[in-house]
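Since the structure comes first, as structure tokens, the remarks are kept for the end.
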Amino acid sequence: SAYFPDCPLTHDDIIATWAGLRPLMSEGGGGHDGLSESAVSREHQIIVSPDGLITIAGGKLTTYRRMSAEVVDTAVKFLRLTGNLKTDLKAAHTESAPLPGAVGWPEDDNLTATIAKVIETSGNNLSEISAKHLVFTYGMRSLQLAKNIATTPSLAEPIIPGRHEVMAQIDWAVTQEMCTTLTDMLIQRTQIFYRDTNQGLDFLDRVADRLAELLGWDEATRLHNIQQYQHDVELSRQWQTEAPTETT
């Protein structure tokens with residue numbers, strides 16, 4: 001509202017909110033010894049316990065690869081010092097290896113062509129907006145989802161009418177991402193919890209029925225998952241209602 005005064009927003013316009021938590025290393029015995037959070041170091045630390053347990057704390061998401069490399073180096077050094085690693089190891093190549101969704105991504109970065117290829121691979125069952133969503137979400141793995149849709153066209157149907165998430169994502173989350181609950185599906189896998197105006201509550205039966213079919217749920221398990229998700233939504237709405245408008 002401050003930046004766009006002609007289009008003021010109110011709390012009624014907010015579907016959901018989320019925030020990240022950053023783990024900070026304590027400067028002393030507990031707390032920050034009078035320091036503000038912004039003054040506490042963002043650097044990570046690696047601690048090796050006498051029993052060999054390696055702990056990494058602090059840091060931030062943008063340095064995760066460097067942090068991971070340092071933990072591996074620490075583990076290798078510890079194993080060699082204790083005589084438990086006697087073989088030579090090959091150099092790591094993860095910093096140059098593409099993530100799964102990036103394998104095969106066009107060198108010219110032609111997003112339009114990639115979306116068109118996904119639509120074609122789906123047997124032209126996908127809408128352009130859903131195909132774009134799949135490409136943005138799964139990268140080149142969206143082609144495999146498109147192949148699944150070509151085999152089973154009903155998987156191209158929106159999970160929620162009017163939205164771009166499709167039923168194929170439910171199957172993919174179960175078969176490829178080890179999704180086992182309705183809450184996991186709607187919050188983590190599809191983020192419908194955050195993005196749908198009613199947080200997916202109007203179509204719980206549809207998603208639960210597909211999960212039950214894929215995972216072999218009995219009716220009691222199906223109902224338990226629906227009730228658990230409804231409870232999670234209610235908790236989030238209570239928090240939004242009760243949370244302060246400003247934080248420090």
Side-chain angles (χ1 to χ4, degrees), residues 15-18 20-21 61 64 98-104 115 117-240:
I15 297 173
T17 64
W18 67 89
L21 296 177
L61 181 62
Y64 79 93
L99 296 173
V103 176
I115 293 172
K117 186 175 182 180
V118 168
I119 294 173
E120 180 183 2
T121 303
S122 75
N124 294 312
N125 288 300
L126 275 171
S127 67
E128 182 175 353
I129 189 172
S130 288
K132 183 177 181 180
H133 166 69
L134 293 183
V135 171
F136 275 30
T137 304
Y138 303 98
M140 296 308 290
R141 290 182 297 175
S142 58
L143 289 169
Q144 184 57 58
L145 278 84
K147 291 178 181 178
N148 296 342
I149 291 170
T151 302
T152 309
S154 61
L155 293 179
E157 296 176 5
I159 296 174
I160 296 176
R163 290 196 55 80
H164 47 261
E165 299 90 354
V166 295
M167 296 296 290
Q169 293 181 253
I170 298 177
D171 290 46
W172 183 266
V174 170
T175 61
Q176 303 297 322
E177 299 175 342
M178 297 186 290
C179 178
T180 59
T181 68
L182 184 59
T183 288
D184 190 7
M185 179 64 68
L186 293 176
I187 297 181
Q188 281 84 18
R189 311 300 170 161
T190 62
Q191 296 192 343
I192 284 174
F193 172 89
Y194 297 110
R195 303 179 185 280
D196 178 52
T197 53
N198 200 30
Q199 297 180 271
L201 291 177
D202 298 329
F203 296 90
L204 286 186
D205 283 336
R206 185 178 196 188
V207 180
D209 287 347
R210 186 58 181 168
L211 286 174
E213 182 179 349
L214 294 169
L215 295 168
W217 289 349
D218 57 22
E219 183 59 17
T221 303
R222 176 184 171 279
L223 288 176
H224 171 74
N225 271 265
I226 290 176
Q227 292 167 357
Q228 180 62 56
Y229 182 71
Q230 291 171 332
H231 175 69
D232 293 336
V233 170
E234 180 60 28
L235 283 179
S236 75
R237 293 181 177 183
Q238 289 178 7
W239 182 86
Q240 289 182 44

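What you are looking at is a predicted structure, and each value in this text was computed from that prediction instead of being measured.
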If you measure only the distance, is there a donor-acceptor pair under 3.5 Å linking the side chains of Thr221 and Asp218? yes

Distance-only donor-acceptor check, side chains Gln144 and Tyr138, under 3.5 Å: no

Closest contact, heavy atoms only, [X] versus [Y]:
{"X": "Ala156", "Y": "Val166", "value": "O-CG1, 3.3 Å"}
{"X": "Thr183", "Y": "Gln188", "value": "O-OE1, 3.8 Å"}
{"X": "Ala150", "Y": "Gly123", "value": "CB-N, 4.1 Å"}
{"X": "Ala131", "Y": "Ile119", "value": "CB-CG1, 3.5 Å"}

Strictly below 4.0 Å, N to O, side chains only: are Arg237 and Glu234 in salt-bridge contact? no

Going by an N to O cut-off under 4.0 Å, is there a salt bridge joining Lys117 and Glu120? no

Quick one: does any side-chain atom of [X] pair with a main-chain N or O of [Y] as donor and acceptor, under 3.5 Å?
{"X": "Gln227", "Y": "His224", "answer": "no"}
{"X": "Thr190", "Y": "Met185", "answer": "yes"}
{"X": "Asp184", "Y": "Cys179", "answer": "no"}
{"X": "Ser142", "Y": "Gly139", "answer": "yes"}

Contact between [X] and [Y] at the side-chain level, heavy atoms closer than 4.5 Å - yes or no?
{"X": "Pro100", "Y": "Arg141", "result": "yes"}
{"X": "Arg210", "Y": "Leu155", "result": "yes"}
{"X": "Phe203", "Y": "Ile159", "result": "no"}
{"X": "Met140", "Y": "Val103", "result": "no"}
{"X": "Tyr229", "Y": "Leu201", "result": "yes"}

Candidate pair Leu182 and Gln228, rule side chain to side chain contact (heavy atoms under 4.5 Å, CB included), full reasoning: CA-CA 8 Å; Leu182 184 59; Gln228 180 62 56; over 6 Å; no

At what distance, to the nearest 0.5 angstrom, does [atom1] of [X] lie from [atom2] of [Y]?
{"X": "Glu157", "Y": "Ser130", "atom1": "CD", "atom2": "OG", "result": "11.0 Å"}
{"X": "Thr175", "Y": "Leu214", "atom1": "OG1", "atom2": "CG", "result": "8.0 Å"}
{"X": "Gln230", "Y": "Leu204", "atom1": "CD", "atom2": "CG", "result": "5.5 Å"}
{"X": "Arg195", "Y": "His164", "atom1": "CZ", "atom2": "NE2", "result": "7.0 Å"}
{"X": "Asn125", "Y": "Thr152", "atom1": "CG", "atom2": "OG1", "result": "10.0 Å"}
{"X": "Ile149", "Y": "Gln169", "atom1": "CD1", "atom2": "CD", "result": "8.5 Å"}

Above 12 or not: heavy atoms from other molecules or residues under 6.0 Å from CG of Leu223? yes

Are Ile160 and Asp202 close enough, and set up right, to give a side chain to side chain contact (heavy atoms under 4.5 Å, CB included), and what steps lead you there? CA-CA 8 Å; Ile160 296 176; Asp202 298 329; over 6 Å; no

Trace of the side chain to side chain contact (heavy atoms under 4.5 Å, CB included) decision for Leu134 with Leu126: CA-CA 10 Å; Leu134 293 183; Leu126 275 171; 3.7 Å; yes

Given side chain to side chain contact (heavy atoms under 4.5 Å, CB included), test Asn148 with Asp171 step by step and report yes or no. CA-CA 9 Å; Asn148 296 342; Asp171 290 46; 5.9 Å; no

